Amino acid sequence: MTEQLSEAERVEALDGLPDWDNDEARDAIVRGFTFDNFSQAFGFMTQVALIAEKLDHHPEWSNMWNRVEIVLTTHDAGGLSGRDIEMAQAIDALVE
Ligand SMILES: C[C@H](O)[C@H](O)[C@H]1CNC2=NC(N)=NC(=O)C2=N1
């Protein structure tokens, strides 16, 4: 069973994810991405989808033309878990 991060673990994890915002209301972390056009945005989403399948951990996300918003939380844990942190790190590696 995937466990939620403790508050201390959450703070520590977010220190390492400066581009992500802590969304207490949704018990999630959130990051927005802006690309040059829709094709670039959708290509990014395709890469994220493959990572999600590999990690068996899937984002809640939205796309508007060249923008993508990704929300990560762990449904099985009822909040933020290490799987979200792992997923955020993998996503950051795509755009670094
Ligand atoms: C059965 C399957 O492994 C689970 O439902 C996985 C799928 N992807 C998931 N994604 C997210 N974000 N949270 C989960 O708890 C989760 N669980």
Side-chain angles (χ1 to χ4, degrees):
M1 171 68 179
T2 307
E3 297 295 317
Q4 277 192 47
L5 294 178
S6 68
E7 194 50 36
E9 288 169 327
R10 186 187 191 114
V11 168
E12 184 183 353
L14 281 165
D15 276 350
L17 294 168
D19 295 313
W20 292 78
D21 295 320
N22 186 24
D23 186 327
E24 293 283 358
R26 288 189 280 190
D27 208 345
I29 54 174
V30 183
R31 181 176 176 183
F33 301 83
T34 302
F35 299 92
D36 291 340
N37 53 50
F38 175 73
S39 295
Q40 295 285 334
F42 197 82
F44 166 74
M45 292 176 77
T46 302
Q47 291 178 291
V48 173
L50 294 172
I51 293 170
E53 282 296 281
K54 181 179 172 192
L55 298 181
D56 190 29
H57 198 69
H58 302 83
E60 297 171 24
W61 50 2
S62 60
N63 160 245
M64 195 286 292
W65 189 58
N66 66 332
R67 283 196 48 72
V68 179
E69 179 179 85
I70 296 182
V71 178
L72 295 175
T73 189
T74 304
H75 309 297
D76 294 343
L80 198 70
S81 80
R83 297 176 71 181
D84 300 304
I85 307 309
E86 182 185 13
M87 187 69 183
Q89 291 167 339
I91 290 169
D92 283 357
L94 295 176
V95 295
E96 241 113 59

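Below, each value reflects all heavy atoms present in this structure, side chains not excepted, and no hydrogens, waters or symmetry copies. Remember, predicted model here, so these are calculated numbers, not experimental data. This chain uses plain numbering: 1 for the first residue, then up along the sequence. All ligand and atom numbering here is 1-based and tracks the order in the structure.
Salt bridge annotation for D84-R10: absent, with no cationic side-chain nitrogen under 4.0 angstrom from a carboxylate oxygen.
Contact annotation for atom 4 (C) of ligand 1: protein present (non-hydrogen atoms, distance under 4.0 Å).
The protein atom (non-hydrogen) at minimum distance from atom 10 (N) of ligand 1 is H58 N, 2.9 Å. With hydrogens left out, the protein atom closest to atom 14 (C) of ligand 1 is H75 N, 3.6 Å, a heavy atom.
Contacts between L72 and ligand 1, counted as non-hydrogen atom pairs separated by less than 4.0 Å, are absent for every part of the residue.
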Legend entry - Derivation of the side-chain contact (heavy atoms from CB on, under 4.5 Å) call for I70 and F33: CA-CA 8 Å; I70 296 182; F33 301 83; 3.7 Å; yes
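Within 6.0 Å of atom CD in E69, more than 12 heavy atoms from other residues, nucleotides or ligands are found, so the atom counts as buried in its surroundings.
The two residues T74 and S81 come nearest to each other via the heavy atoms OG1-OG, 2.6 Å. Nearest approach of Q40 to F35, heavy atoms of both residues: CB-CB, 3.7 Å.
Some N or O of T73 is nearer than 3.5 Å to an N or O of ligand 1, by distance alone. Residue contacts with ligand 1: D56 is placed with a nitrogen or oxygen under 3.5 Å of a nitrogen or oxygen of the ligand (distance criterion only).
Near T74, the atoms of ligand 1 lying under 4.0 angstrom from a non-hydrogen atom of the residue are 13 (N), 15 (O).
Across D76, D84, L55, V71, heavy-atom proximity to atom 15 (O) of ligand 1 is greatest for D76.
Between F38 and F42, the two ring planes are tilted [angle within 30° to 60°].
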